[in-house]
Protein chains: 2
Amino acid sequence: MSVDISKQAIKRIPVYLHYLKEQKNSGAKIISAPFVAAALNLNEVQVRKDFAAMSTTRGKPKTGFILDELIDNMEVIAGYNNANEAILVGAGSLGKALLSYRGFEEYGLDIVAAFDNDEKIVGNIIGGKQILALSEIEKFCKENKVNIGIITVPAQAAQDVCDVLVDSGIRAVWNFAPANLTVPPGILVQNENMAASLALLSKHLREQIKKQ
Amino acid sequence: MSVDISKQAIKRIPVYLHYLKEQKNSGAKIISAPFVAAALNLNEVQVRKDFAAMSTTRGKPKTGFILDELIDNMEVIAGYNNANEAILVGAGSLGKALLSYRGFEEYGLDIVAAFDNDEKIVGNIIGGKQILALSEIEKFCKENKVNIGIITVPAQAAQDVCDVLVDSGIRAVWNFAPANLTVPPGILVQNENMAASLALLSKHLREQIKKQ
DNA sequence: TAGATTGTTAATCGATTAACAATC
DNA sequence: TAGATTGTTAATCGATTAACAATC
């Protein structure tokens with residue numbers, strides 16, 4: 001963990017963790033990089049480098065890494081154990097969907113409230129979370145030491161919402177809008193642009209169909 | 001469009017399109033790369049290169065690109081106009097959320113049915129889409145010429161589902177499970193790994209908090 | 001010891017950014 | 001013409017992959 005870990009390597013952690021836990025349940029105690037690489041269809045050197053960067057202890061030549069230790073180390077890096085509190089802004093179609101999704105807790109994300117500017121839905125409860133007015137964001141964040149803001153508003157409103165979040169003391173933004181957000185240094189914007197994924201899928205399909 | 005367009009450039013298309021359409025609505029007819037770059041906070045050369053690669057006609061020095069043409073070209077590449085039919089496998093928490101989400105149509109994705117192995121929910125209708133049994137996937141796909149499969153099952157089941165989809169004639173897989181899928185050549189796997197995004201967010205937060 | 005696995009340095013690759021000539 | 005913008009070639013950067021020595 002002393003070495004710098006690349007962004008791409010961190011993104012692979014959930015995949016590693018899932019497999020390593022599976023192996024642990026099967027009774028394994030030790031695991032080697034080439035073994036994992038073969039199982040996950042990844043390059044051997046990549047896995048070796050990732051493990052070397054993520055593990056607090058060195059691997060043992062000829063045997064590998066201690067499974068429990070590796071899992072612990074990765075969970076710390078990926079924040080699976082410490083719950084991060086988040087708010088969600090924009091309780092439209094996508095926002096509602098994410099509020100109802102029960103899977104984020106497993107990865108250490110806890111959505112504590114949602115906000116929307118539509119008075120008709122303010123006061124409602126979706127997925128057990130209350131919808132509050134946009135005007136209450138700053139007060140809520142400061143009182144509840146919220147660090148993460150999830151943006152699920154339309155693209156044209158995304159930057160304004162982002163600015164409010166930053167003013168409210170948010171340190172990381174998870175942006176689901178197809179918009180390029182500008183933030184001060186020190187604030188992270190993580191884009192989850194499903195439209196971008198669809199664009200790639202679509203381009204691939206068009207090329208595949210053209211080939212025939 | 002003659003030039004090869006990089007994956008990253010294609011991912012930027014939704015962001016470009018949103019902004020270009022906004023400009024069109026404001027009455028603009030012509031747009032230059034440096035102008036867009038400034039507005040979206042992107043590198044000028046990057047935008048210039050993207051536009052050059054995506055536009056069927058060349059830009060005019062000193063003026064720029066014809067807005068309508070640029071929008072059309074990008075929509076074709078990103079497949080906004082031709083509806084791609086998709087099925088979703090795994091109607092659990094995340095699957096239900098995506099089925100209820102009304103936003104994909106805008107980007108040319110049409111989820112026509114969902115599949116699950118839980119007999120208790122087979123036959124239900126979520127978001128207007130019927131839930132069918134897993135055993136019917138192949139028949140359904142072949143009869144309805146479905147090209148895209150969306151995987152929202154738990155990670156340990158993802159590869160099996162993927163294999164079924166490939167056998168059913170699917171050409172592109174949108175994978176929401178934190179699993180590394182293996183597919184034959186010619187099939188695209190697009191990972192939408194939200195756990196990966198959360199890992200990055202979490203790492204950033206830990207570093208920010210440590211700094212103080 | 002022999003051989004598998006680790007760790008590290010070098011080469012490669014894709015994408016971004018810089019520099020600059022061509023054009024309207 | 002002068003100047004802004006395009007298109008293209010070269011330099012840089014981050015990440016992946018290859019090569020190889022060190023170690024148990």
Side-chain angles (χ1 to χ4, degrees), chain A residues 1-13 15-16 20 23 28-67 69-70 73 180 188 191 193 196 199-200 203-204, chain B residues 1-13 15-16 20 23 28-67 69-70 73 77 180 188 190-191 193 196 199-200 203-204:
Chain A
M1 214 162 40
S2 45
V3 194
D4 259 5
I5 310 172
S6 78
K7 273 192 184 187
Q8 300 306 318
I10 290 172
K11 286 195 192 173
R12 286 188 286 271
I13 291 182
V15 177
Y16 287 139
L20 294 180
Q23 290 300 303
K29 297 289 175 209
I30 300 243
I31 199 129
S32 77
F35 188 79
V36 173
L40 297 178
N41 230 19
L42 297 174
N43 181 288
E44 207 178 291
V45 186
Q46 185 171 67
V47 177
R48 218 188 304 155
K49 267 199 163 169
D50 284 353
F51 283 11
M54 292 169 187
S55 177
T56 47
T57 56
R58 295 171 73 100
K60 231 185 207 171
K62 185 146 184 197
T63 48
F65 293 80
I66 297 165
L67 190 49
E69 241 179 60
L70 205 52
N73 294 154
N180 206 296
L188 176 75
N191 292 305
N193 194 341
L200 274 175
K203 192 201 167 227
H204 169 81
Chain B
M1 213 165 33
S2 46
V3 194
D4 259 6
I5 310 172
S6 77
K7 272 191 184 188
Q8 300 306 316
I10 290 171
K11 286 195 192 174
R12 285 188 287 271
I13 290 183
V15 177
Y16 287 138
L20 294 180
Q23 289 301 303
K29 297 287 175 210
I30 299 242
I31 198 128
S32 78
F35 189 78
V36 173
L40 297 178
N41 229 19
L42 297 174
N43 181 288
E44 206 179 292
V45 186
Q46 186 171 67
V47 177
R48 218 188 304 154
K49 267 198 161 172
D50 285 352
F51 283 11
M54 292 169 188
S55 178
T56 47
T57 56
R58 294 171 73 101
K60 232 186 207 169
K62 186 146 184 199
T63 48
F65 294 79
I66 298 164
L67 190 48
E69 240 179 62
L70 205 51
N73 293 156
I77 298 170
N180 207 296
L188 176 75
Q190 179 64 33
N191 292 305
N193 193 341
L200 274 174
K203 193 202 168 224
H204 169 81

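Letters A, B, ... are given to chains in the order of the sequence lines, protein chains preceding strands, and every chain is numbered from 1. Just the heavy atoms: all of them, side chains too, but no hydrogens, waters or symmetry mates, feed the values below.
Comparing dT16(C), dT6(C), dA15(D) by their closest approach to the side chain of Gln8(B) singles out dT16(C). Comparing dA15(C), dC24(C), dT8(C) by their closest approach to the side chain of Pro61(B) singles out dC24(C).
Taking CG of Leu20(B) as the start and CZ of Phe65(B) as the end, the distance is 11.0 Å to the nearest 0.5 Å. Taking CD1 of Ile5(A) as the reference point, atom CE of Met54(A) lies at 5.5 Å (rounded to 0.5 Å).
For Leu200(A) and dG14(C), the CG to C1' distance is 14 Å, given to the nearest whole Å. One interatomic measurement links the two molecules: CG of Asp50(B) to P of dG14(C), which rounds to 17 Å at whole-angstrom precision. At whole-Å resolution of the value, CD1 in Ile30(A) and C1' in dT6(C) are 13 Å apart. Look at CG on Asp4(B): it is 16 Å from P on dC13(C), rounded to the nearest Å. Distance CD1 (Ile10(A)) to P (dA15(D)): 10 Å, rounded to an integer number of Å. A straight line from CD1 of Ile5(A) to P of dG14(D) spans 17 Å, rounded to a whole angstrom. Remark: C1' of dC24(D) and CD1 of Ile66(A) are 14 Å apart, rounded to the nearest angstrom. To the nearest angstrom, C1' of dT5(C) lies 9 Å from CD of Glu44(A).
Gln8(B) is linked by a side-chain hydrogen bond (donor to acceptor under 3.5 Å, both in side chains) to nothing, counting only residues two or more places apart in sequence or in another chain. In this view, Pro61(B) satisfies the side-chain contact (heavy atoms from CB on, under 4.5 Å) rule with no residue, not counting sequence neighbours. Qualifying side-chain hydrogen bond (donor to acceptor under 3.5 Å, both in side chains) partners for Asn193(B), counting only residues two or more places apart in sequence or in other chains: none. In terms of the side-chain hydrogen bond (donor to acceptor under 3.5 Å, both in side chains) criterion, Gln190(B) has no residue partners (sequence neighbours excluded). With sequence neighbours left out, Asn180(B) forms a side-chain hydrogen bond (donor to acceptor under 3.5 Å, both in side chains) with no residue at all.
Residue contacts for Lys62(A): at a heavy-atom cut-off of 4.0 Å it reaches a base atom on one of the strands shown. Counting non-hydrogen atoms under 4.0 angstrom, Ala33(A) reaches the backbone sugars and phosphates but no base. Within 4.0 Å of Phe51(B), counting heavy atoms only, lies no atom of the nucleic acid at all.
Thr57(B) and Glu69(B) form a side-chain donor-acceptor contact under 3.5 Å, judged by distance and modelled atom types alone.
Base pairing in DNA chain D gives the following stems of 3 or more Watson-Crick or G-U pairs, range against range and under 3.5 Å: C:3-24 with D:3-24.
The residue among Ile31(B) and Lys7(A) whose nearest nucleotide of DNA chain D lies closer to the 5′ end is Ile31(B). Between Lys60(B) and Ala9(A), it is Lys60(B) whose nearest contact on DNA chain D lies nearer the 5' terminus.
Within the structure, no pair that satisfies the salt bridge (Lys or Arg N to Asp or Glu O under 4.0 Å) test touches residues 53-64 of chain A, not counting sequence neighbours.
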Show me, pair by pair, the donor-acceptor contacts under 3.5 angstrom made by side chains of residues 45-53 of chain B, not counting sequence neighbours?
residue: Asp50(B); atom: OD1; partner: Arg12(B); partner atom: NH2; Å: 3.3
residue: Asp50(B); atom: OD2; partner: Arg12(B); partner atom: NE; Å: 2.8
residue: Asp50(B); atom: OD2; partner: Arg12(B); partner atom: NH2; Å: 3.2
residue: Asp50(B); atom: OD2; partner: Tyr16(B); partner atom: OH; Å: 2.6

Please produce a list of atom pairs where a protein N or O lies less than 3.5 Å from an N or O of nucleotides 17-21 of chain C.
residue: dT17(C); atom: O4; partner: Lys49(B); partner atom: NZ; Å: 3.2

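Contact annotation: Arg12(A) reaches the phosphate of dT16(D) (side-chain N/O to OP1 or OP2, under 4.0 Å).
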